[in-house]
Structure formats: structure tokens, C-alpha cells
Amino acid sequence: MAILVTGGAGYIGSHTVVELLNAEQQVIVLDNLSNANVNALKRIENITNKTCVFYQGSVLNKALLHKIFTDHQIESVIHFAGLKAVGESVNKPLQYYETNVTGTIILCQVMAEHGVKQLVFSSSATVYGVPDSLPIRENFTTGATNPYGQSKLMVEQLLTDLHIADKQWNIAVLRYFNPVGAHESGLIGEDPSDTPNNLMPYICQVAVGKLPELQIFGNDYLTPDGTGVRDYIHVVDLAQGHLKALQKLSTRPGIVTYNLGTGRGYSVIEIIKAFEQASGKQIPYRFSARRDGDLAAYFADSSLAYEELNWQPLHSLESMVESSWLWQSKNPNGYND
Ligand code: NAD
Ligand code: UD1
């Protein structure tokens with residue numbers, strides 16, 4: 001029996017495929033490579049000495065999905081495939097809703113037709129909008145402020161309705177906080193195709209000299225040093241969370257939602273200092289205006305995942321920044337090196 005991983009050539013997907021292969025699972029990857037490089041899959045083979053089956057194509061392609069489910073004995077699906085840039089989603093809402101929402105509908109339709117009803121879905125902490133208090137728990141009110149977040153909420157709702165209609169569906173919705181870091185080999189990592197929007201890849205590109213300096217968006221927040229605080233989680237810990245969620249689905253049917261974060265927030269300044277320490281590089285920065293839509297602080301209560309999945313993040317901040325730097329310094333041009 002195999003696991004289908006949509007978006008498995010991407011950042012979080014590739015790290016999850018490594019963990020699945022290391023756990024002796026048979027893996028099939030479907031990815032249209034719109035935000036990934038096929039070299040990631042070759043590097044996964046180098047890391048694991050194992051291969052996965054790869055289909056280049058879209059989750060919107062129903063005929064291809066039927067072929068994959070017909071040709072392989074698939075028992076569950078981890079659904080990473082999607083578009084994830086918040087700013088871009090504001091300018092291209094149709095594209096975001098089509099890929100993220102319609103893509104999930106088509107995937108679930110084909111799964112149901114083939115009797116496969118075990119699904120792990122990549123959601124995001126962005127679904128909490130502006131939280132009432134911290135740390136954020138799964139039962140907090142949700143609300144989106146942009147099409148990307150709205151698309152994640154819509155999928156969460158449709159998956160809930162799917163389970164209500166057919167109790168055979170077992171679904172884990174995982175709300176990630178801020179994934180960072182890379183595999184310890186330095187062979188796979190985050191490889192943004194444009195100028196990065198997120199903090200860690202931006203710092204990495206400053207460190208290798210591809211970008212001149214970091215702008216820190218705001219230093220007047222009500223946080224200990226005035227800069228934004230986030231819950232950064234090592235991508236390998238996140239990947240492990242998916243394996244634990246898959247195990248859970250086979251023993252406890254239903255639809256479940258888990259935060260995946262560390263529960264500990266770090267400020268922008270703390271991240272820069274930790275990165276400088278790990279890399280020996282100085283990161284030039286200057287303070288600029290707050291970024292629209294940013295919050296002062298945002299971190300998870302992940303105790304539900306600890307209790308019910310027996311999952312705990314094992315990597316420290318040091319390991320997050322060290323592995324980010326190892327990946328970036330070995331591959332200044334990402335997978336094109
Ligand atoms: P990513 O862009 O690296 O991975 C997504 C993958 O999906 C890419 O390989 C891309 O080529 C593929 N893809 C896009 N559209 C597709 C389509 N129509 N058919 C098939 N493949 C398609 O992003 P990531 O950071 O690995 O994120 C994975 C998932 O986790 C996404 O759903 C994202 O919304 C979610 N998420 C990411 C973060 C984060 O900060 N990275 C945070 C919360 C949630
Ligand atoms: C962003 C997304 C969020 C997504 C999350 C995943 C936005 C508005 N939000 O959140 O939907 O779920 O990534 O990781 O894009 N910062 C700088 N300078 C930079 C970049 C970032 O100071 O060049 C600061 C930000 O203001 C923030 C922190 O670094 O305080 C982290 O930013 P980022 O990595 O973009 O993540 P989020 O804002 O948490």
C-alpha cells in the first residue's frame with residue numbers, strides 16, 4: 001500500500017517524503033513543479049537510498065488522478081499541493097481558489113471514487129486571523145484576512161462537511177505555524193523562486209550576499225524588543241507530525257485538527273542573532289515600517305498534538321538556523337546548483 005503525497009517536491013512535502021521513505025513507506029508524488037524543482041526528488045533519493053514514483057501534473061487534472069489511483073494501491077493521501085503566497089493571493093484570487101479549493105475537491109472526488117478516505121491536509125495558522133489571546137488553541141475563532149487564508153478555511157469547512165456526510169472519511173487538518181530549517185544533509189531545503197517574503201529565507205539570501213540587507217518590519221510592537229514574535233518550527237519536526245497524524249488516522253477515525261508549532265515565540269532580532277551565531281556571518285539590517293497585516297506576536301498551544309499524536313518538536317532554534325544556513329551555503333542558488 002502506498003501514500004500519495006501531492007506537492008511532494010515542494011519545501012515541506014520533500015522533507016515529509018524523506019521521513020516517509022525512511023519509515024519504509026511506499027510513496028507516490030504528484031507535483032506540477034509550479035513552485036518546485038525536480039532535482040529535489042533526486043536529492044531525496046540520495047538521502048534515503050530509496051525511490052518514490054513521480055507524476056508531474058496538477059491536482060486539477062482528474063484524469064491523471066484516476067490513473068494514479070488505478071495504477072497504485074493507495075491507502076492515504078497527504079495533500080500539500082497548493083499556492084501559498086499571501087500577497088499574490090490578493091492579486092490572483094481566482095488562481096488561489098482554483099488551485100487550493102477546487103484542487104482539493106477534485107482530489108477528494110477521485111479518492112472517494114477509489115474508496116480511499118484517509119487524508120492529511122496542510123492548513124495554516126493564518127486561519128486564526130487576529131487571535132483573542134496567546135497561545136493559540138485549536139478551538140479559537142477562525143477568520144481570514146486574505147484569499148490564501150480564506151482558501152484554507154474553505155477547505156477546512158468542506159472537509160468537515162465531507163466527514164459529516166460520510167463517516168468513513170478520516171481526516172487530519174494540520175495548522176502549521178512558521179516552518180523553517182532544512183534536512184541535516186543540506187541537500188534539500190526551501191528554494192523560493194522569487195525574492196523571499198518570509199523571514200528565514202530572506203536572512204539566508206542576505207547571508208550569501210544575494211540580497212544586500214534585511215528590512216525589519218516594525219520595531220515598535222508590544223514585544224520584549226519591539227520586533228514581531230513568531231512560532232518557528234523545524235521542517236523535519238513538521239514532517240514527523242504528518243507521520244504521526246497518519247498513524248492516528250488508522251486508529252482513531254474522524255476529523256481532527258492540530259496545531260503544529262513549538263509553543264515558543266522568537267522575535268526577529270532573536271532569529272537574526274541566532275543565525276549570526278550559527279553562520280559566523282553578519283546580517284545587515286535596518287528597521288522599516290510595519291508590514292500590512294502583520295501581528296505583534298503569534299504562537300501555538302500545540303499540547304493537543306503532543307497528547308493525541310504523541311508528537312513533540314525535537315529541534316532547537318539553533319538547529320533551525322544551523323540547518324537553514326547549511327542548506328543555503330551549500331546551495332546558494334537552491335536546486336539550480
Ligand atoms: P511549496 O510551494 O514549496 O510546496 C507546494 C507544492 O505544490 C510545490 O511543489 C508546487 O509545485 C506544488 N503545486 C502547486 N500547485 C499544484 C497543483 N495544482 N498540482 C500539483 N502540485 C502543485 O510550499 P510549502 O511551504 O511546502 O507548503 C506546502 C503546503 O503547506 C501548502 O499547502 C501551504 O499552503 C501549506 N503551508 C505552508 C506554510 C509555510 O510557511 N511554508 C505554512 C502554513 C501552511
Ligand atoms: C507569513 C504569512 C502567513 C504564513 C506564514 C508561514 C504573511 C502576511 N503571512 O506569516 O500567512 O502562514 O508566513 O510561515 O505573509 N519579517 C521582517 N522582514 C522580512 C520578513 C519578515 O521583519 O523581510 C518579520 C515579519 O514582520 C514577522 C516575522 O519576520 O514579524 C516573520 O515573518 P514571515 O516569515 O513572513 O511569517 P509570518 O508573518 O508569520
Side-chain angles (χ1 to χ4, degrees), residues 3-8 10 12-13 16 59 75-84 96-97 99-109 111-112 116-129 131 135-144 146-179 231 233 235 237-263 298-311 313:
I3 297 166
L4 173 64
V5 181
T6 74
I12 305 169
T16 304
V59 286
E75 64 178 348
S76 48
V77 177
I78 307 181
H79 182 33
F80 291 107
L83 303 176
K84 64 165 183 175
Y96 271 67
Y97 288 120
T99 302
N100 294 0
V101 182
T102 309
T104 307
I105 293 172
I106 291 173
L107 174 67
C108 290
Q109 284 172 337
M111 287 175 69
V116 180
K117 297 182 179 179
Q118 309 248 64
L119 176 69
V120 177
F121 173 64
S122 297
S123 190
S124 167
T126 195
V127 300
Y128 293 111
I136 299 169
R137 288 197 306 277
E138 287 85 350
N139 59 3
F140 277 24
T141 313
T142 52
N146 54 69
Y148 168 69
Q150 193 64 50
S151 74
K152 291 292 178 190
L153 272 179
M154 288 167 80
V155 172
E156 289 199 6
Q157 185 62 54
L158 82 84
L159 294 177
T160 304
D161 293 339
L162 190 56
H163 174 72
I164 290 170
D166 177 355
K167 296 285 184 293
Q168 287 180 354
W169 276 94
N170 294 324
I171 300 164
V173 171
L174 304 181
R175 293 176 177 162
Y176 314 150
F177 278 67
N178 290 55
D231 186 341
I233 174 164
V235 66
D237 284 330
L238 197 59
Q240 280 294 340
H242 293 73
L243 274 70
K244 296 278 188 178
L246 276 179
Q247 281 167 13
K248 184 76 181 172
L249 287 186
S250 53
T251 56
R252 180 188 184 275
I255 178 160
V256 285
T257 301
Y258 297 111
N259 285 340
L260 294 184
T262 65
Y298 216 75
F299 49 91
D301 178 336
S302 288
S303 50
L304 197 63
Y306 305 163
E307 285 158 22
E308 294 196 0
L309 298 181
N310 191 24
W311 168 85

Look only at the side chain of [X] and the backbone of [Y], and say whether a donor-acceptor pair between them is shorter than 3.5 Å.
{"X": "Asn100", "Y": "Leu83", "value": "yes"}
{"X": "Lys244", "Y": "Asn310", "value": "yes"}
{"X": "Thr102", "Y": "Thr99", "value": "no"}
{"X": "Lys167", "Y": "Gly254", "value": "no"}
{"X": "Trp169", "Y": "Asp161", "value": "no"}
{"X": "Asn259", "Y": "Gly261", "value": "no"}
{"X": "Tyr298", "Y": "Ala125", "value": "yes"}

### Query
Should Ser124 and Phe177 be marked as a side chain to side chain contact (heavy atoms under 4.5 Å, CB included) after you check the CA-CA gap, both sets of side-chain angles, and the distance that decides it?
CA-CA 6 Å; Ser124 167; Phe177 278 67; over 6 Å; no
#### Entry: Check: Gln118 and Met111 side chains under 4.5 Å, non-hydrogen atoms
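Result no, sub-4.5 Å side-chain heavy-atom pair not found.
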### Message
Do Leu246 and Val120 have side chains that approach each other closer than 4.5 Å (heavy atoms only, starting at C-beta)?
### Response
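Yes, side chains in contact.
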### Query
Would Asp231 and Thr262 count as having a side-chain donor-acceptor pair, cut-off 3.5 Å?
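Yes - a donor-acceptor pair under 3.5 Å links their side chains.
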Which heavy-atom pair separates [X] from [Y] by the least distance, and what is that distance?
{"X": "Ser302", "Y": "Trp311", "value": "CB-CZ3, 4.3 Å"}
{"X": "Leu249", "Y": "Leu119", "value": "CD1-O, 3.5 Å"}
{"X": "Ala144", "Y": "Gln150", "value": "CB-N, 3.2 Å"}

### Task
Would you check, one step at a time, whether the test side chain to side chain contact (heavy atoms under 4.5 Å, CB included) holds for Leu162 with Cys108?
CA-CA 9 Å; Leu162 190 56; Cys108 290; 4.0 Å; yes
Contacts table for residues 75-82: side-chain donor-acceptor under 3.5 angstrom, sequence neighbours left out:
residue, atom, partner, partner atom, Å
His79, ND1, Thr6, OG1, 2.7
His79, NE2, Thr104, OG1, 3.1

#### Entry: Under the side chain to side chain donor-acceptor pair (under 3.5 Å) test, residues paired with Glu138 that sit two or more places apart
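Expected list: none.
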### Task
Would you please indicate yes or no on a ring centroid separation below 6.0 angstrom for Tyr176 and His242?
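Here the rings of Tyr176 and His242 have centres that are less than 6.0 Å from each other.
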### Query
Got a second to check how far Arg175's CZ is from Leu260's CG, nearest 0.5 Å?
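Arg175 CZ to Leu260 CG: 11.0 Å, rounded to 0.5 Å.
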### Query
Rounded to the nearest 0.5 Å, what separation is found between the CG atom of Leu309 and the CD atom of Gln247?
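Result: 9.0 Å between the selected atoms.
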### Task
For Glu308, look at atom CD and say whether over 12 heavy atoms of other residues, nucleotides or ligands are found less than 6.0 Å away.
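More than 12 within 6.0 Å, yes.
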### Task
Just say parallel, tilted or perpendicular for the rings of Phe140 and Tyr128, cut-offs at 30° and 60°.
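Phe140 vs Tyr128 ring planes: perpendicular.
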